[in-house]
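Down below is the structure, laid out as structure tokens.
Throughout, a chain's letter reflects where its sequence line sits, starting with A, and its residues are numbered from 1. The model shown is predicted, which means the values in this text are computed figures rather than measured ones.
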Amino acid sequence: MTKYWLMKTEPTTFSIDDLESSPDQTTCWEGVRNYQARNLLRDDIQEGDQVLFYHSACKEPAVVGTATVVRSGYPDSHAFDRRSKYFDAKSSADKPTWYMVDIQLQQKLDTPVTLKAMRDRAGLKGMALLQKGSRLSVQPVKKKEFDTVLKMAGV
DNA sequence: GCCAACGTTGGC
DNA sequence: GCCAACGTTGGC
């Protein structure tokens with residue numbers, strides 16, 4: 001059963017254009033250091049699931065594309081790499097704390113769906129992204145919400 | 001740059 | 001186990 005997710009990224013760190021220019025338009029979603037999001041990455045996100053790719057902490061926060069999960073949760077090896085900014089001494093290869101998935105670009109939206117537009121859309125009222133204080137960088141999205149966002153993008 | 005909301009840390 | 005202090009997120 002296909003599930004739906006939203007993943008946040010700061011475009012200055014990794015943007016939809018970076019994903020597009022990645023080999024096979026695929027990347028590992030490393031660096032998530034929040035337990036709730038970790039649990040989703042490790043336990044719930046499966047190959048074939050659909051992802052809304054969201055730009056946060058920028059001029060125009062918006063869903064800018066969609067992606068497909070091409071590899072389900074596996075240990076985030078960046079946590080073992082002392083030179084990585086995602087290094088975490090408490091995580092080890094035999095007992096990993098952090099997990100990641102691989103995603104592949106599905107499509108870049110010609111018309112990004114802005115945070116503002118989503119707030120104005122009655123049908124999206126319940127969306128996790130729009131709840132006050134919601135900071136989860138990986139969050140579940142209902143199929144209906146996913147479809148609504150795509151419709152707003154004219155897809 | 002500000003600041004509200006949230007998560008984590010660590011002293012007790 | 002409580003909770004104050006601190007760090008981070010992210011919209012504005």
Side-chain angles (χ1 to χ4, degrees), chain A residues 3-22 27-45 49-67 69 73-103 105-142 144-155:
Chain A
K3 282 169 290 182
Y4 300 86
W5 311 95
L6 179 143
M7 295 187 185
K8 294 183 192 174
T9 174
E10 299 187 17
T12 50
T13 303
F14 190 86
S15 71
I16 188 85
D17 293 326
D18 293 326
L19 179 60
E20 189 177 35
S21 58
S22 297
T27 189
C28 58
W29 204 250
E30 84 279 11
V32 173
R33 296 292 178 266
N34 167 283
Y35 286 102
Q36 210 178 329
R38 186 281 310 271
N39 292 346
L40 296 177
L41 291 169
R42 188 188 57 189
D43 305 331
D44 297 322
I45 301 181
D49 285 357
Q50 300 291 108
V51 174
L52 295 176
F53 193 100
Y54 178 82
H55 280 173
S56 70
C58 57
K59 201 163 192 179
E60 185 100 273
V63 172
V64 292
T66 59
V69 176
Y74 63 105
D76 181 351
S77 52
H78 298 73
F80 318 142
D81 179 1
R82 204 161 274 283
R83 290 158 308 171
S84 170
K85 68 169 168 171
Y86 299 122
F87 175 72
D88 179 357
K90 293 193 291 295
S91 187
S92 64
D94 53 326
K95 230 175 170 269
T97 306
W98 306 113
Y99 283 72
M100 58 188 177
V101 299
D102 289 354
I103 62 169
L105 179 67
Q106 189 166 43
Q107 63 179 334
K108 215 167 122 175
L109 298 179
D110 294 328
T111 315
V113 181
T114 64
L115 178 63
K116 185 174 183 321
M118 289 189 279
R119 284 201 195 287
D120 289 344
R121 185 83 174 201
L124 295 180
K125 278 271 187 300
M127 208 173 165
L129 180 72
L130 306 182
Q131 305 315 305
K132 186 171 179 172
S134 139
R135 308 193 311 183
L136 255 196
S137 65
V138 176
Q139 50 181 254
V141 172
K142 295 189 184 70
K144 197 152 188 199
E145 296 165 345
F146 188 90
D147 292 342
T148 298
V149 170
L150 287 197
K151 188 189 279 184
M152 291 167 74
V155 177

Rounded to the nearest angstrom, tell me the gap between atom CD in A:Q139 and atom C1' in B:dC6.
14 Å

Report yes if a side-chain nitrogen or oxygen of A:K8 is closer than 4.0 Å to either non-bridging phosphate oxygen (OP1 or OP2) of C:dG10; otherwise report no.
yes

How long is the line joining CH2 of A:W98 and P of B:dG7, in whole Å?
13 Å

A:L115 CG - C:dT9 C1' separation (whole Å):
14 Å

Check every atom of B:dG7, B:dT8, B:dT9 against the side chain of A:Y35 and return the nucleotide holding the closest atom.
B:dT8

A:Y54 vs C:dG11: side-chain N/O to OP1/OP2 distance below 4.0 Å:
yes

d(NZ, A:K90; C1', B:dT8) in whole Å
9 Å

Indicate whether OP1 or OP2 belonging to B:dA4 is found under 4.0 Å from a side-chain N or O atom of A:K132.
no

With the side chain of A:R135 defined as its heavy atoms from C-beta on, choose the nearest nucleotide among B:dT8, B:dA5, C:dG11.
B:dA5

Using whole Å, what does the distance between atom P of nucleotide C:dT8 and atom CG of A:L136 come to?
18 Å

In whole angstrom, give the distance that lies between atom CG of A:L129 and atom P of B:dA5.
17 Å

Heavy-atom nearest pair, A:M100 first then A:W29, reads CB-O, 3.3 Å

Does a donor on one side chain sit under 3.5 Å from an acceptor on the other, for A:D43 and A:Y99?
no

Figure out the CZ/P separation between A:R33 and B:dT9, and round it to whole Å.
13 Å

Around atom CD of A:Q106, are there more than 12 heavy atoms of other residues, nucleotides or ligands at under 6.0 Å?
yes

Might you work through the salt bridge (Lys or Arg N to Asp or Glu O under 4.0 Å) test for A:D76 and A:R33, ending with a clear yes or no?
CA-CA 10 Å; A:D76 181 351; A:R33 296 292 178 266; 3.0 Å; yes

Nearest whole Å is fine: how far is B:dA5 C1' from A:N34 CG?
14 Å

